[in-house]
Amino acid sequence: MTTPSLVVLTGAGLSAESGIPTFRSTAGVTYWDVRDRFGVPQSYTIEEVCTPEALARDPALVHGFYDARRAALGEAAPNAAHRALARLDAAWPGDLLIVTQNVDDLHERAGTRRLVHMHGALRSALCAACDERSDWQGDLPPGTPCPACGAPALRPDIVFFGEMPYAMDRIEAALAGADLFVSIGTSGAVYPAAGFVQLARAYGADTLELNLERSAGSDRFAESRLGPASVLVPDWVD
Ligand code: BV8
């Protein structure tokens with residue numbers, strides 16, 4: 001009997017109990033509720049800030065939005081769900097890949113290693129000229145020179161709407177070999193992540209959703225457990 005292969009998808013709901021706003025949750029705080037705290041004017045939706053067009057039209061707004069979120073990381077800490085996933089990562093002898101849509105660093109700070117950030121990361125800067133990535137703390141003003149090529153072209157290392165998510169080949173290969181796909185804290189509103197459950201099922205995997213409330217994808221899961229991640233995830237892992 002080989003050890004089952006696992007793929008775990010996480011979303012903003014995983015970090016909600018660490019005090020990081022979500023995008024669309026009906027419980028708790030969303031970026032919509034605190035846009036002014038993150039420098040987003042009333043006239044903008046959050047989706048409008050996460051686009052290449054917004055970056056081109058108003059770089060100060062988009063860089064400022066991510067600067068404020070990067071600064072807020074200092075006030076956040078991994079919660080029991082992040083820690084449980086790190087225990088799983090350390091102990092699981094079979095294949096395991098944790099795919100996060102989140103751009104915070106809470107999985108890493110909890111100790112998770114087998115991890116990909118499919119939508120990018122706040123603590124990384126991307127050079128729009130040479131594609132080099134640099135670890136980044138602090139603010140990232142428009143026009144910051146790239147440490148590698150010197151071009152004044154550093155941008156937040158974030159996958160905007162209309163841009164290709166990262167590590168898709170690795171994610172799709174993991175889904176093809178998965179025996180179990182678990183989705184935690186995501187509304188199932190954003191693709192391609194929202195389509196992973198169908199892919200996993202097509203490959204014959206079992207599927208489990210752990211979420212505070214029913215999501216757009218709940219009907220696609222063999223099992224859906226509702227509750228806070230800080231309770232459901234340790235229960236599932238341990
Ligand atoms: C792509 C950046 C193709 C990082 C984000 C028209 C034009 C172009 C594309 C499209 C189009 N129409 C549709 C698309 C596809 C589009 C899309 O899906 N749009 C949606 C809105 C319909 N997708 C894309 O554009 C993607 N790229 O398709 O590229 C392509 C192909 C070839 C070549 C080039 C391109 C890119 C998608 C990535 C966009 N970037 N953000 C950032 O700023 O953070 S998306 C954003 O939404 C975040 O990344 C976030 O992670 C993601 C998903 O949100 P969730 O994580 O699910 O968070 P949400 O708040 O929604 O839900 C939280 C859930 O947690 C809730 O269900 C809640 O109940 C639960 N919860 C709350 N508290 C708790 C909890 N659960 C447990 N415990 C708790 N305590």
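For clarity, every value in this text was computed on a predicted model and none was experimentally measured. One-based numbering, in listed order, for ligands and for the atoms of each. Index from 1, following the sequence.
Put simply, part of Arg69 is less than 4.0 Å from ligand 1, judged by heavy atoms. The shell of residues lying under 4.0 angstrom from ligand 1, judged by heavy atoms, excludes Gly120. Between Pro228 and ligand 1 there is a heavy-atom distance shorter than 4.0 Å. For the pair Tyr66 and ligand 1, a heavy-atom separation below 4.0 Å is found. Using a 4.0 angstrom heavy-atom cutoff, Pro165 counts as in contact with ligand 1.
Per-residue contacts place Ala16 under 4.0 angstrom from the following atoms of ligand 1 (heavy atoms of the residue considered): 73 (N). Each of the following atoms of ligand 1 lies closer than 4.0 Å to a heavy atom of Phe160: 36 (C), 39 (C). Near Ser25, the atoms of ligand 1 lying under 4.0 angstrom from a non-hydrogen atom of the residue are 60 (O), 68 (C), 69 (O), 72 (C). Against a heavy-atom cut-off of under 4.0 Å, Gly162 is close to the following atoms of ligand 1: 8 (C), 24 (C), 25 (O), 34 (C), 35 (C).
Ion pair Asp104/Arg109 not flagged as a salt bridge, since none of the NZ, NE, NH1 or NH2 atoms sits closer than 4.0 Å to an Asp/Glu carboxylate oxygen. Salt-bridge check for Asp89 with Arg113: failed, with every basic side-chain N at 4.0 Å or more from each acidic carboxylate O. The residues Asp219 and Arg214 are annotated as salt-bridged, a charged nitrogen and a carboxylate oxygen being separated by less than 4.0 angstrom.
Contacts with ligand 1 closer than 4.0 Å are made by no heavy atom of Ser215, backbone or side chain. Looking at Ala229 against ligand 1, both its backbone and its side chain come within 4.0 Å, counting heavy atoms. Here Ser230 has no heavy atoms under 4.0 Å from ligand 1, in either its backbone or its side chain. Contacts with ligand 1 closer than 4.0 Å are made by heavy atoms of both the backbone and the side chain of Leu212.
Of the possible polar contacts, none joining the Asn211 side chain to the Ser224 backbone as a donor-acceptor pair under 3.5 Å is found.
In this structure, the ring of Phe65 has its center less than 6.0 angstrom from the ring center of Tyr31.
Closest protein heavy atom to atom 28 (O) of ligand 1: Tyr191 O, 4.1 Å. At the shortest separation from atom 80 (N) of ligand 1 among protein heavy atoms lies Glu17 OE1, 3.0 Å. Among protein heavy atoms, atom 45 (S) of ligand 1 sits closest to Phe161 CZ, 3.7 Å.
Distances from atom 6 (C) of ligand 1 to the protein include no heavy-atom value under 4.0 Å.
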